[in-house]
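Ligands are counted one by one from 1 in listed order, and the atoms in each one are counted from 1 as well. This structure is a prediction, so every number in the text was calculated from the model and none was measured.
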Amino acid sequence: MSKNSVIIIGAGIGGLSAGCYAQMSGLDSQIFEVHNKPGGQCTAWKRSGYVFDGCIHHLAGCRPGYLLYSMWEELGALPTRTIIFPEDMTQVEDENGKAFHVYTDLDRLQQHMKEIAPQDASAIDRYIKSASGFTHLDLLETALLSGGAFAKRLPSLLKLARLGAPMKVYAEKFKNPFLRKAFPTIQYDWPDTPVFVHLNMIGNCDAKNYGVPVGGSLEFSKAIEQRYRRLGGELNYNSYVKEVLVEDNKAVGVKLVDETLYKADVVVSDAFAYTTIFDLLGGRFGNQKIRNQYSTPSDNAVMGIQVSFGLARDLSKEPRAMVLFLKKPVKIADREHDRLDLELFGYDPTLAPVGNSVLKILLDTSYSFWKDLYYDNHEKYEKEKAAVAETLLTELETRFPDITSQVEAQDVATPITMERYTGVGQGFENKLGFFEGMSLLKGPPQTLPRLKNFYMIGATAGGAGIPGCAAQGRNLIRKICREKRVPFTPTKS
Ligand SMILES: Cc1cc2nc3c(=O)[nH]c(=O)nc-3n(C[C@H](O)[C@H](O)[C@H](O)COP(=O)(O)OP(=O)(O)OC[C@H]3O[C@@H](n4cnc5c(N)ncnc54)[C@H](O)[C@@H]3O)c2cc1C
């Protein structure tokens, strides 16, 4: 390889992005991916004529004029895709069927909330006003701001600390009991998430900057993979990197599991951060801070169970997502649930045979629960998966009568499934304070103490969702180009 060569471990969105920008700037890059598909977590899988999507609920940067849109144009991810802008973000239904439609049109949402809770008119007005503040501001594009633009935006970013209350605490501003109960669940049912994350999302949905690409997550990843290949990049599938090669505290290449060696000037890992630091580098490069942040992955697998059903049922008139409160709590796998979080894909006809639809339920779970089952007793693991699907169908019958008889395909993915297919079954608790957390929005690639020519990117190295990981790849190549005195030359596809 040439002097300006880069090896990238993993063809997740961060790795693909880094590869594309490397090629655009005349660097010589290679990606090594253990699987035979691009995208990592940004994926989907087929079952009996249905496509079960594993990722995108919302994609940031769907509106021309926004920085993330330009990045997707450079990566060839959007221009030929149809983007859908569903009219609701989600719909919460209580155990008696009373519904809160979280419309993405803020005027409509304001009116609907006032119909539900006239006594909360002024709290609703303040909530809508705060959300309107994000119709021209996308926090996720912070990673792409130039130094000057970032300095200009800093005051508004610092003001976010005032909107840092968790969703469940913000809900106390409403007096209406139904709104108080429903509100904490409307942002992916993450009651502890700071309210500004939700305001940013709903404001950008209203602005039609956040949408969903037709065809699902794998097609989105494949579009970037194709861009990489068109740029002359070399993508090696079925290639498990088992070691990062280091000489004199400099990364110099990688060793694959079949013992073949590949050399390069710079090595980038888009893999799970724990794997990178403790397996591929043997834990030799780190300090106490790194150990605190990365040595103990969280056992709480958020959205760790994904149960997908291919249904002989038309869901095109249903909302795109739902939170369904149950008449009484039900035990599913390791946890008791008083509500279910549904995604309904009736809005995308490419994912199912004509007239049919896909419905998915996401559940939080413990990684260790599934790991113990999988490695101790595989039969029990499979039985537990089947029991999860059966329990869910029983619960869904009330809202979707006859659903059980309409199932044509089903799939239960656990944290172990995700780990086997993407290398990521766990995440990390955010141990960073507000300001450190906010600084991650700038999308810096991570480095390790004393190790030169080596970088970590991707979700577990601080990339915020799909756009954050892609922006990290872009930022990294710009930095490498600066260091090598090579022009950084992004181009539109
Ligand atoms: C259920 C779910 C829903 C989500 N919804 C959204 C959403 O709506 N919007 C959004 O923006 N984001 C969403 N995300 C987050 C988003 O999917 C991730 O942030 C992003 O895809 C992570 O990309 P990455 O660059 O970290 O790579 P990863 O996806 O982590 O991929 C890493 C790749 O590296 C490969 N690899 C690992 N180790 C090795 C090795 N040793 N050798 C070779 N290859 C290796 C893996 O096989 C994998 O392909 C969601 C995530 C999940 C799980």
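Checking Ser217 against Asp53 by side-chain atom types alone, a donor-acceptor pair falls below 3.5 Å.
Considering backbone and side-chain N/O of Thr275, none are found under 3.5 Å from N/O of ligand 1.
Within 6.0 Å of NZ on Lys255 lie more than 12 heavy atoms contributed by other residues, nucleotides or ligands.
Scanning Gln306, Arg420, Lys37 for the heavy atom closest to atom 1 (C) of ligand 1 points to Gln306. Around atom 21 (O) of ligand 1, the closest heavy atom drawn from Gly465, Pro467, Cys42 belongs to Cys42. Counting heavy atoms only, Ala271 comes closest to atom 38 (N) of ligand 1 of the residues Ala271, Gly39, Ser217.
Closest protein heavy atom to atom 41 (N) of ligand 1: Val241 O, 3.0 Å. For atom 53 (C) of ligand 1, the nearest protein heavy atom (residue, atom name, distance) is Gln41 OE1, 3.7 Å. Looking at atom 8 (O) of ligand 1, its nearest protein heavy atom turns out to be His57 N, 2.6 Å. Counting protein heavy atoms only, atom 45 (C) of ligand 1 is closest to Val34 CG1, 3.8 Å. Here the protein heavy atom with the shortest distance to atom 23 (O) of ligand 1 is Cys469 SG, 3.7 Å. For atom 46 (C) of ligand 1, the nearest non-hydrogen atom of the protein is Thr422 O, 3.2 Å. In this structure, atom 12 (N) of ligand 1 lies nearest to the protein heavy atom Ile466 N, 3.4 Å. Protein heavy atom closest to atom 47 (O) of ligand 1, with residue, atom name and distance, is Glu33 OE2, 2.7 Å.
The shortest heavy-atom contact between Phe196 and Gly164 is CD2-CA, 4.1 Å. Of all non-hydrogen atoms in Ser70 and Lys492, the two that sit nearest each other are O-CE, 4.2 Å. For Cys55 against Gln41, the heavy-atom pair with the smallest separation is CB-O, 3.4 Å. The shortest heavy-atom contact between Cys481 and Leu27 is SG-CD1, 4.3 Å. The nearest pair of heavy atoms linking Asn200 to Leu139 is OD1-N, 3.0 Å. For the pair Pro490 and Arg474, the tightest heavy-atom approach, listed with the atom from each and the gap, is CG-NH2, 3.5 Å.
Ligand-side atoms of ligand 1 in range of Phe32: 43 (C), 44 (N), range being under 4.0 angstrom from any heavy atom. Within the listing of ligand 1, atoms 25 (O) sit less than 4.0 angstrom from a heavy atom of Gly14. Under a 4.0 Å criterion applied to the non-hydrogen atoms of Val424, ligand 1 contributes the atoms 30 (O). Shown in contact with Tyr240 at under 4.0 Å from a heavy atom are these atoms of ligand 1, numbered in order with element: 40 (C), 41 (N), 42 (N). Remark: ligand 1 atoms within the under-4.0 Å shell around heavy atoms of Ser239 are 42 (N), 43 (C). Each of the following atoms of ligand 1 lies closer than 4.0 Å to a heavy atom of Gly40: 29 (O), 31 (O), 48 (C), 49 (O).
In this structure, Ile56 is part of the shell of residues with a heavy atom less than 4.0 angstrom from ligand 1. Residue contacts with ligand 1 include Ala459, since one or more of its heavy atoms lies under 4.0 Å from the ligand. Ligand 1 lies less than 4.0 angstrom from a heavy atom belonging to Gly54. Under a 4.0 Å heavy-atom criterion, Gln472 is not in contact with ligand 1.
Contacts of His35 with ligand 1, taken as heavy-atom pairs under 4.0 Å, involve the side chain alone. Looking at His58 against ligand 1, only its backbone comes within 4.0 Å, counting heavy atoms. Contacts with ligand 1 closer than 4.0 Å are made by no heavy atom of Lys242, backbone or side chain. With a 4.0 Å cut-off on non-hydrogen atoms, Cys55 touches ligand 1 through its backbone as well as its side chain. For Ala464, no heavy-atom contact with ligand 1 is shorter than 4.0 Å. The parts of Asp270 lying near ligand 1 are both backbone and side chain, judged by heavy-atom distances below 4.0 Å. At a heavy-atom cutoff of 4.0 Å, ligand 1 is contacted by the side chain of Ile9 but not by its backbone.
In this structure, Tyr274 has its ring center no closer than 6.0 Å to that of Tyr294. No close placement of the His198 and Phe134 rings is indicated, their centers lying 6.0 Å or farther apart. Aromatic pair Trp72/Phe220: centroids less than 6.0 angstrom apart.
Put simply, the residue from Val51, Thr82, Val214 that forms a side chain to side chain contact (heavy atoms under 4.5 Å, CB included) with Thr350 is Val214. Exactly one residue among Ile361, Val330, Ile305 makes a side chain to side chain contact (heavy atoms under 4.5 Å, CB included) with Leu392. That residue is Ile361.
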request  = Take Tyr237 and His35 through the test ring pair (Phe, Tyr, Trp, His ring centres under 6.0 Å) and record every step on the way to the result.
outcome  = CA-CA 6 Å; Tyr237 284 125; His35 284 293; 9.4 Å; no

Under the criterion ring pair (Phe, Tyr, Trp, His ring centres under 6.0 Å), I'd like the reasoning laid out for His58 against Tyr188: C-alpha separation, chi angles, the key distance, then a yes or no.
CA-CA 11 Å; His58 290 97; Tyr188 298 159; 5.8 Å; yes

*Test Leu75 against Tyr21 for side-chain contact (heavy atoms from CB on, under 4.5 Å), laying out the working first.*
CA-CA 8 Å; Leu75 292 172; Tyr21 286 107; 3.6 Å; yes

So Arg227 and Glu74, salt bridge (Lys or Arg N to Asp or Glu O under 4.0 Å) or not? Walk me through it. CA-CA 9 Å; Arg227 170 76 168 137; Glu74 290 162 359; over 6 Å; no

